[in-house]
Amino acid sequence: MADTIFGSGNDQWVCPNDRQLALRAKLQTGWSVHTYQTEKQRRKQHLSPAEVEAILQVIQRAERLDVLEQQRIGRLVERLETMRRNVMGNGLSQCLLCGEVLGFLGSSSVFCKDCRKKVCTKCGIEASPGQKRPLWLCKICSEQR
């Protein structure tokens, strides 16, 4: 809910909302907030050069971390896309990832819970080991998760 501003020029004041009123009652700080500030009050609020420098350093560090995180995410997405491009089997009679023949004469197979394709146990990842009926994921779906 937006605050309502009353008055004009130097006599502006804000009508506080219910939440602010309740908080002020608990803190016993009064009931109104004047939005107009004198030049003397503004000068007191200026930051020192050291404070400005500290704030700028924090902002720059946050921006660097954000760039690094975006690069990391980009690498993960590229890795996932590369895995998808390099599939070798059909996921029915062959392992989706390595292309190995599955079945009676081939390797044992498991179904990926997410994509419902068959993979060999070397290319599958057991998502819930120790269960009566373990869940398997192919490496692509595991990476995507």
Side-chain angles (χ1 to χ4, degrees), residues 1-8 12-37 39 41-145:
M1 183 169 218
D3 292 332
T4 306
I5 299 175
F6 294 98
S8 62
Q12 287 185 345
W13 59 280
V14 175
C15 181
N17 62 33
D18 292 341
R19 183 170 170 240
Q20 292 168 332
L21 290 173
L23 181 60
R24 289 181 193 156
K26 287 179 184 175
L27 297 174
Q28 298 177 350
T29 59
W31 297 99
S32 67
V33 175
H34 293 278
T35 57
Y36 173 74
Q37 293 178 339
E39 191 62 36
Q41 289 171 326
R42 282 193 204 107
R43 271 191 247 119
K44 287 182 183 178
Q45 292 179 349
H46 285 305
L47 299 173
S48 70
E51 291 171 323
V52 170
E53 184 63 31
I55 291 169
L56 289 175
Q57 287 177 357
V58 169
I59 291 170
Q60 289 170 350
R61 186 173 64 224
E63 288 172 348
R64 284 192 304 269
L65 289 174
D66 196 30
V67 167
L68 290 174
E69 182 65 11
Q70 291 300 322
Q71 290 172 345
R72 185 185 74 82
I73 290 170
R75 286 191 303 270
L76 290 172
V77 168
E78 181 61 33
R79 180 176 165 186
L80 183 61
E81 292 302 318
T82 301
M83 289 173 75
R84 285 186 177 141
R85 281 193 303 268
N86 293 334
V87 297
M88 301 181 83
N90 59 15
L92 300 171
S93 60
Q94 301 171 316
C95 173
L96 178 68
L97 298 171
C98 68
E100 190 172 326
V101 176
L102 303 171
F104 186 67
L105 298 174
S107 297
S108 59
S109 65
V110 293
F111 276 102
C112 172
K113 180 186 178 301
D114 289 353
C115 68
R116 298 294 202 197
K117 303 279 182 164
K118 284 185 179 180
V119 292
C120 66
T121 52
K122 292 181 287 182
C123 295
I125 296 172
E126 195 172 353
S128 59
Q131 300 286 328
K132 285 183 181 178
R133 194 166 176 215
L135 298 173
W136 286 83
L137 295 172
C138 66
K139 288 182 181 177
I140 293 174
C141 292
S142 174
E143 193 77 21
Q144 186 169 350
R145 279 188 173 191

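No experiment lies behind these values; they were computed from the predicted model shown.
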Salt bridge (Lys or Arg N to Asp or Glu O under 4.0 Å) partners for Glu63, two or more places apart: none
Which distance, rounded to the nearest 0.5 Å, do you find between the CG of Asp66 and the CD of Gln71? 10.5 Å
First locate atom SG of Cys123, then atom CG of Leu137, and finally report the distance between them rounded to the nearest 0.5 Å. 13.0 Å
Could you tell me whether the side chain of Lys139 reaches within less than 4.5 Å of the side chain of Ile125, counting heavy atoms only? yes
Name the residue from Leu96, Leu102, Val101, Leu92 that meets the side chain to side chain contact (heavy atoms under 4.5 Å, CB included) definition with Ser109. Leu102
Look up atom OG in Ser142 and atom CG in Asp114, then write down how far apart they are to the nearest 0.5 Å. 9.0 Å
Inspect the surroundings of CZ in Arg84 and state if more than 12 heavy atoms from other residues, nucleotides or ligands are less than 6.0 Å away. yes
Check this for me: Arg85, atom CZ, are more than 12 non-hydrogen atoms of other residues, nucleotides or ligands nearer than 6.0 Å? yes
Does a salt bridge link Arg72 with Glu69, judged by any charged N lying under 4.0 Å from a carboxylate O? yes
Go through it in stages, so that I can follow the logic: the residues are Lys117 and Phe111, the test is side chain to side chain contact (heavy atoms under 4.5 Å, CB included), and I'd like the CA-CA distance, side-chain angles, deciding distance and then a yes or no. CA-CA 6 Å; Lys117 303 279 182 164; Phe111 276 102; over 6 Å; no
Rounded to the nearest 0.5 Å, what separation is found between the CD atom of Gln60 and the CD atom of Glu53? 7.0 Å
Go through the side-chain N and O atoms of Arg79 and Thr82 and say whether any donor and acceptor fall under 3.5 Å apart. no
Report yes if some heavy atom in the side chain of Val58 is under 4.5 Å from a heavy atom in the side chain of Arg61; otherwise report no. yes
So NZ of Lys122 and CG of Leu97: to nearest 0.5 Å the spacing works out to 11.5 Å
Rounded to the nearest 0.5 Å, what separates atom CD in Glu126 from atom OG1 in Thr121? 10.0 Å
